[in-house]
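For reference, the structure discussed in these notes is given below.
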There are 2 protein chains.
Amino acid sequence: MKSRTFISSLIFGLVLAILLIGIKSLEYTYFSYKIGLDVYIGIIALAFLIIGVYFGATYSRRKEAKFLIKLREESKRSGFTEPTIDFDAVNGSDLSKRELEVLREIAMGYTNKEIGEKLFVSENTVKTHLNNIYMKLEVNRRTQAISRARELNIIT
Amino acid sequence: MKSRTFISSLIFGLVLAILLIGIKSLEYTYFSYKIGLDVYIGIIALAFLIIGVYFGATYSRRKEAKFLIKLREESKRSGFTEPTIDFDAVNGSDLSKRELEVLREIAMGYTNKEIGEKLFVSENTVKTHLNNIYMKLEVNRRTQAISRARELNIIT
DNA sequence: CTAAAAATCATACTTTCGGGTGATGCATAC
DNA sequence: GTATGCATCACCCGAAAGTATGATTTTTAG
């Protein structure tokens with residue numbers, strides 16, 4: 001951070017110097033009269049304002065992008081934001097143990113076939129469980145089941 | 001836009017004038033000697049650089065968040081405690097406005113056809129949006145997209 | 001003004017889901 | 001001992017979802 005400040009100062013001074021030299025040379029080359037101090041300062045101010053706007057914009061944009069990338073990496077690293085079953089909230093919902101397991105799997109985005117393989121049952125069995133889940137939660141799609149289970153705090 | 005330029009010029013001149021007056025009065029009040037022109041200009045330049053950075057940052061941020069602010073207001077007005085888009089997490093992300101809307105709808109458990117009717121587009125369009133979402137979130141099913149979006153805190 | 005990104009729609013094809021129905025074995029509760 | 005709930009599996013069919021490709025229009029950014 002210290003070297004960064006140093007570099008910034010350096011660039012700042014450099015730009016300022018170049019501007020001054022530039023204006024001076026323009027003054028001597030193209031104008032017979034001297035440029036007033038107010039115009040002088042105005043040009044400097046305007047130039048730095050523009051530079052500031054540019055860097056402010058790019059920096060802020062980069063900052064946001066970094067934030068997002070970081071977020072993404074974090075959630076990748078943590079790996080499993082596995083939906084967990086809230087067994088307290090489950091009390092009273094008629095869902096059986098196996099149904100809860102299937103529910104968690106669909107919330108993780110697995111297909112019926114994949115769930116079957118994970119739970120060592122056939123795809124048909126998974127479907128049966130699913131249909132029972134749908135009845136009990138009064139829905140008719142897996143996405144609705146997930147949504148409903150979250151509403152009921154069964155899944156968190 | 002014309003009046004905006006005018007106002008900008010006005011503010012620019014005003015700030016410049018205030019700075020000049022401020023420095024001058026400081027010079028007369030606290031210093032017996034005259035401040036060198038280089039220091040003078042340096043202060044001006046620095047001041048405008050800072051102002052520029054500030055406005056550049058806020059302007060760019062506002063620009064990026066434009067449609068998101070609108071969406072946020074809409075979802076606040078609608079009042080539902082349904083899955084909401086976290087507009088801070090999503091800021092500057094790959095997902096477009098329409099894609100976010102579709103994402104929210106699938107998280108609520110609607111079918112493609114229903115989403116099309118709600119958003120006044122064809123089912124095919126919804127499918128296209130969905131495929132783009134899948135690519136951007138690196139998934140290949142709607143349930144995975146929901147899960148992933150929750151991981152990324154896009155949906156809460 | 002122009003290039004890029006976003007939004008729109010379509011067609012055709014495959015895979016996955018959902019709904020209905022039925023069946024078997026196994027606990028356990030009454 | 002049988003009714004009930006649970007877990008398991010099968011088959012069928014239509015609906016929904018996903019894949020691939022291409023095209024047009026609108027919007028936005030540089």
Side-chain angles (χ1 to χ4, degrees), chain A residues 50 53-54 57-58 60-61 65 90-148, chain B residues 1 56 59-71 90 92-148:
Chain A
I50 291 167
V53 168
Y54 174 72
T58 47
S60 109
R61 210 171 296 140
V90 152
N91 288 339
S93 81
D94 297 332
L95 295 170
S96 74
K97 183 193 168 191
R98 214 54 170 161
E99 285 161 2
L100 286 173
E101 286 171 346
V102 171
L103 186 59
R104 188 180 51 201
E105 297 297 321
I106 64 166
M108 288 198 266
Y110 293 108
T111 67
N112 293 346
K113 183 183 264 183
E114 287 168 342
I115 295 169
E117 285 162 7
K118 284 188 78 176
L119 301 183
F120 304 106
V121 296
S122 82
E123 191 188 336
N124 289 315
T125 306
V126 175
K127 283 172 122 184
T128 305
H129 287 315
L130 273 176
N131 283 320
N132 292 331
I133 291 170
Y134 298 156
M135 279 194 296
K136 290 176 179 178
L137 295 182
E138 295 170 36
V139 298
N140 38 37
R141 277 185 288 286
R142 56 175 56 212
T143 46
Q144 284 181 335
I146 296 166
S147 170
R148 184 108 193 83
Chain B
M1 210 57 187
Y59 171 70
S60 104
R61 208 172 298 138
R62 198 166 298 158
K63 200 168 100 187
E64 280 182 54
K66 214 168 33 184
F67 77 83
L68 293 174
I69 290 168
K70 208 171 164 188
L71 267 185
V90 109
S93 83
D94 297 336
L95 294 170
S96 73
K97 178 191 172 187
R98 216 50 170 165
E99 285 160 4
L100 286 172
E101 287 172 345
V102 171
L103 186 60
R104 188 179 49 200
E105 297 297 321
I106 64 167
M108 287 197 267
Y110 292 107
T111 67
N112 293 345
K113 183 183 264 185
E114 286 169 342
I115 295 169
E117 284 162 6
K118 284 187 78 177
L119 300 184
F120 304 106
V121 295
S122 81
E123 192 189 337
N124 289 314
T125 305
V126 175
K127 282 179 159 191
T128 304
H129 287 315
L130 275 176
N131 283 319
N132 292 331
I133 291 170
Y134 299 156
M135 279 195 294
K136 289 178 180 178
L137 295 182
E138 295 170 33
V139 298
N140 38 40
R141 277 185 288 285
R142 57 176 53 213
T143 45
Q144 285 182 333
I146 296 166
S147 169
R148 187 109 195 81

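Only this structure's heavy atoms are used, side chains among them; waters, hydrogens and symmetry mates stay out. We name chains A, B, ... by the order of the sequence lines, and we start the count at 1 in each one. A quick note: this is a predicted structure, and the numbers were derived from the prediction, not measured.
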Comparing A:K136 and A:V121 on DNA chain D - which has the more 5′ nearest nucleotide:
A:K136
Any heavy-atom pair between the side chains of B:I106 and B:I115 that's under 4.5 Å?
yes
With nearest nucleotides of DNA chain C determined for A:V139 and B:E123 from heavy-atom distances, which residue corresponds to the more 5′ nucleotide?
B:E123
Donor-acceptor pair, side chain of B:R141 and main chain of A:G109, under 3.5 angstrom:
yes
Against the side chain of B:L130, the closest entry in D:dC9, D:dG18, C:dC9 is D:dG18
Hey, which of these two, B:L119 or B:R141, hits DNA chain C nearer its 5' end, going by closest nucleotide?
B:L119
Within the structure, does a side-chain N or O atom of B:N131 lie under 4.0 Å from either OP1 or OP2 of D:dG18?
no
So, A:R98 side chain and A:H129 main chain: donor-acceptor pair closer than 3.5 Å or not?
no
Find the distance A:L103:CG to C:dC17:C1' and express it as a whole number of Å.
16 Å
What is the distance, to the nearest angstrom, from the CD1 atom on A:I146 to the C1' atom on C:dC17?
13 Å
What verdict does the side-chain contact (heavy atoms from CB on, under 4.5 Å) test give for A:E114 and A:K118, after you've listed the backbone C-alpha separation in whole Å, the side-chain angles of each residue and the deciding distance to 0.1 Å?
CA-CA 6 Å; A:E114 287 168 342; A:K118 284 188 78 176; 5.6 Å; no
B:R142 vs D:dA17: side-chain N/O to OP1/OP2 distance below 4.0 Å
yes
What is the distance from CD1 of B:I133 to P of C:dA6, rounded to the nearest Å?
13 Å
B:K127, nearest nucleotide to its side chain (from D:dA10, C:dA10, D:dG18)
D:dG18
May I ask you to verify if any side-chain N or O of B:T125 is less than 4.0 angstrom from the OP1 or OP2 atom of C:dA7?
no
Please tell me if A:T111 has a side-chain N or O lying less than 4.0 Å from either OP1 or OP2 of C:dT16.
no
Between atom OH in A:Y134 and atom C1' in D:dA15, what is the gap in whole Å?
13 Å
B:N132 CG - C:dT8 C1' separation (whole Å)
11 Å
Would you say A:N140 reaches C:dG18's phosphate, i.e. side-chain N/O to OP1/OP2 under 4.0 Å?
no
Could one point to a donor on the side chain of B:T128 or the base of C:dC9 with an acceptor on the other under 3.5 Å away?
yes
How many whole angstroms separate atom CG of A:N112 from atom P of C:dT15?
16 Å
Does some side-chain heavy atom of A:N131 sit less than 4.5 Å from a side-chain heavy atom of A:T128?
no
In whole angstrom, what separates A:F120's CZ from D:dA7's C1'?
16 Å
Should B:R98 be listed as having a side-chain N or O under 4.0 Å from OP1 or OP2 of C:dT8?
yes
Interatomic distance, B:H129 NE2 vs D:dT26 C1' [rounded to whole Å]
12 Å
